Chemist: 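Here it is: the structure, laid out below.
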Amino acid sequence: MVATLSAAAVTAARTSGLHAEQETLPREQLRQLQLQRLQQTLRNAWDHVPWHRRRLHAAGLDDPRDVDSLEALRRLPFTVKTDLRDNYPFGLFTRPTQELARLHASSGTTGKPTVVGYTAQDLSTWADLVARSFYCAGVRPGDLVHNAYGYGLFTGGLGAHDGATRLGCPVVPISGGGTERQVALIMDFQPRVLCATPSYALALAEVAERQGVNLRDSALRIGMFGAEPWSDAMRREIEARVGLRAVDIYGLSEIMGPGVACECELRCGLHGWEDHFLFETIDPDTGQAVPEGEPGELVITTLTKQALPMLRYRTRDITRLETAPCDCGRTHLRILRVTGRNDDMMIVRGVNVFPSQIESVLVGRPGLSPHYQLVLDRHGALDSVRLEIEAQPEVSTADYPRLAQEAAHHIKSLIGISADVQVQAPGSVPRSQGKAVRVRDQRPRVA
Ligand code: DLL
């Protein structure tokens, strides 16, 4: 657990959730609601998407009603990102585009983008869930929101915008980039809430410091940070430099966008909104369920999405689920911090490593800055990893080799891999305007 709140604050959180009734439903009732909504979702997919019907049929279903318990969900096939690409652009939509209200897309690193669609009702549900997430994190109607998530096809900008508006918060729709101007506007407008990727929040702090501005003197009190993996060490760093409470918000475009899950004021896991989604964790190699509390790949089924229902979508995100009640009074399960994506997992001489593990070992260490990249390379048959990390501005270059040696020692003893660490001058690692690029893979491509 990251922080404890006063008894009064906990009582307030317990009694005044934005959707208090839905957020505190006894788990048995929640499960009944999930089953009913799962059946509607299956009917929607079966009736309107031939691809889903074919696959459900192949899995032995003669009718969506055959799924008569939540356990029966496990009979259904998984959906993966390439299924969306293979049905590009609209093959998995239940409606013609004339009946939709908006499209978003994520670029991805290879090939076609992944396109997602929303009905007006879907957009309204999404705004509700982001509003619920913001409220759960401590944002209140009337709070001015500086929204530095990118506007456009990325779901971060408009998703956070609509949710903040739904909660009754005025929004500064600044989007990403133009960091100097963002700092000036934060000091002039005095927003209480900052929405950004954690790496961009740090970039803002850094530019502010260079301009002689201390963001701790601003009105910022709550940061709604997500869209990329980040460590608790990074959280402490941002909180110290920006002077706010950093809250973790999770989501993905295939499922909706931001607001699938969010930390409450107690920050001991992200409440996954179970009246709208079904969460499972599986062993990524076998596809079998892992026991609660054990790490596994997060799999999500949507329960209320109209335009693009998703059945057992494999997120590639590695996390753990906890259904034990939270002290805030919400009954919805908690998704523990997403430590990384399967895709970002590096296997260095047989050891599985996520960039966030390296981040948590190094960020906050004296002399080192939180700006880093990992470079994967191959020498002969062996993969190697190089860590490029910046020194703090006040550190003399004469100290770089010693810092590098110490960092390599910590990585070896705490994570078990040998990394070639290069401590570099401030400003040498590219800054993000959105999602940070943590890994540069320079290994030769296998044809
Ligand atoms: O990143 C949606 C979002 C916007 C979430 C703003 C939160 C805030 P995509 O671009 O589709 O959607 O990327 C989704 O980003 O599968 C995770 O790997 C990663 N991710 C998102 N939130 C978190 C988080 C948006 N809080 C992918 N912690 C997901 C760790 C996160 N990873």
Side-chain angles (χ1 to χ4, degrees), residues 2 79-81 84-85 103-109 113-116 118 126-127 129-130 133-134 136-137 139 145 147-164 175-176 193-201 223-232 234-235 238 246-263 267 269-273 277 279 281 284 295 297-300 302 308 310 313-320 334-345 354-357 359-360 432-439:
V2 167
T79 307
V80 293
K81 198 175 184 85
L84 281 141
R85 297 234 171 92
L103 299 177
H104 279 281
S106 66
S107 54
T109 43
T114 309
V115 184
V116 293
Y118 305 77
W126 184 14
L129 291 183
V130 174
S133 300
F134 277 33
C136 165
V139 182
V145 174
N147 185 14
Y149 284 122
Y151 282 65
L153 288 176
F154 175 52
T155 52
L158 284 167
H161 184 111
D162 287 350
S175 196
V193 181
L194 172 63
C195 297
T197 58
S199 56
Y200 192 62
M224 300 300 303
F225 299 138
E228 63 186 10
W230 54 309
S231 60
D232 258 330
M234 184 72 123
R235 162 142 55 196
I238 299 172
V247 178
D248 198 358
I249 181 165
Y250 171 83
L252 61 165
S253 46
E254 293 87 340
I255 295 301
M256 181 176 81
V260 172
C262 189
E263 284 179 327
R267 299 191 298 176
L270 293 80
H271 288 285
W273 303 126
F277 310 104
F279 300 96
T281 35
E297 178 179 341
L298 184 65
V299 172
I300 308 179
T302 63
L308 184 59
M310 274 292 161
Y313 184 73
R314 288 185 63 158
T315 63
R316 316 288 293 161
D317 293 324
I318 304 297
T319 183
R320 291 178 285 139
R334 281 167 293 148
I335 300 173
L336 300 190
R337 180 182 278 281
V338 169
T339 44
R341 291 178 62 74
N342 237 356
D343 317 342
D344 289 342
M345 191 180 78
F354 288 108
S356 60
Q357 282 174 282
E359 180 179 300
S360 48
S432 90
Q433 310 241 307
K435 295 181 191 246
V437 177
R438 297 299 192 194
V439 181

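On a predicted model such as this, the values are computed, not experimentally measured, just so you know. Residue numbers run from 1 in the order of the sequence given. In listed order, ligands and their atoms are each counted from 1.
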Chemist: Can you list, pair by pair, the side-chain donor-acceptor contacts under 3.5 Å of residues 152-163, counting residues two or more places apart and other chains?
Modeler:
residue: His161; atom: ND1; partner: Tyr151; partner atom: OH; Å: 2.8
residue: Asp162; atom: OD2; partner: Arg102; partner atom: NH2; Å: 2.9

Chemist: Using heavy atoms and a 4.0 Å limit, tell me yes or no: is Lys435 in contact with ligand 1?
Modeler: yes

Chemist: Check side-chain hydrogen bond (donor to acceptor under 3.5 Å, both in side chains) between Tyr313 and all other residues, then give those that pass, not counting sequence neighbours.
Modeler: Glu254

Chemist: Just to be sure I read this right, does ligand 1 sit under 4.0 Å from the backbone of Leu252, its side chain, both, or neither, counting only heavy atoms?
Modeler: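 Both backbone and side chain.
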
Chemist: Distance to 0.1 Å, residue and atom name: give those for the protein heavy atom nearest to atom 29 (C) of ligand 1.
Modeler: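 The closest heavy atom on the protein side is Asp317 OD2, 3.2 Å.
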
Chemist: Starting from atom 11 (O) of ligand 1, what is the nearest protein heavy atom, named by residue and atom, and what distance separates them?
Modeler: Ser253 OG, 2.8 Å

Chemist: Tell me the protein heavy atom at minimum distance from atom 28 (N) of ligand 1, and give that distance in Å.
Modeler: Glu228 O, 3.4 Å

Chemist: Could you check whether any side-chain N or O of Thr302 sits under 3.5 Å from a backbone N or O of Ile255, counting only pairs where one atom can act as donor and the other as acceptor?
Modeler: no

Chemist: Atoms of ligand 1 less than 4.0 Å from Ile249 heavy atoms?
Modeler: 7 (C), 22 (N), 24 (C), 26 (N)

Chemist: Quick one: nearest non-hydrogen protein atom to atom 22 (N) of ligand 1, plus distance?
Modeler: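 I find the closest protein heavy atom is Ala227 N, 3.0 Å.
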
Chemist: Heavy-atom contacts with Gly156 under 4.0 Å: which atoms of ligand 1 show up? List them by number with element.
Modeler: 4 (C), 6 (C)

Chemist: Tell me: protein heavy atom nearest atom 25 (C) of ligand 1, and distance?
Modeler: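 Its nearest protein heavy-atom neighbour is Gly251 O, 3.6 Å.
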
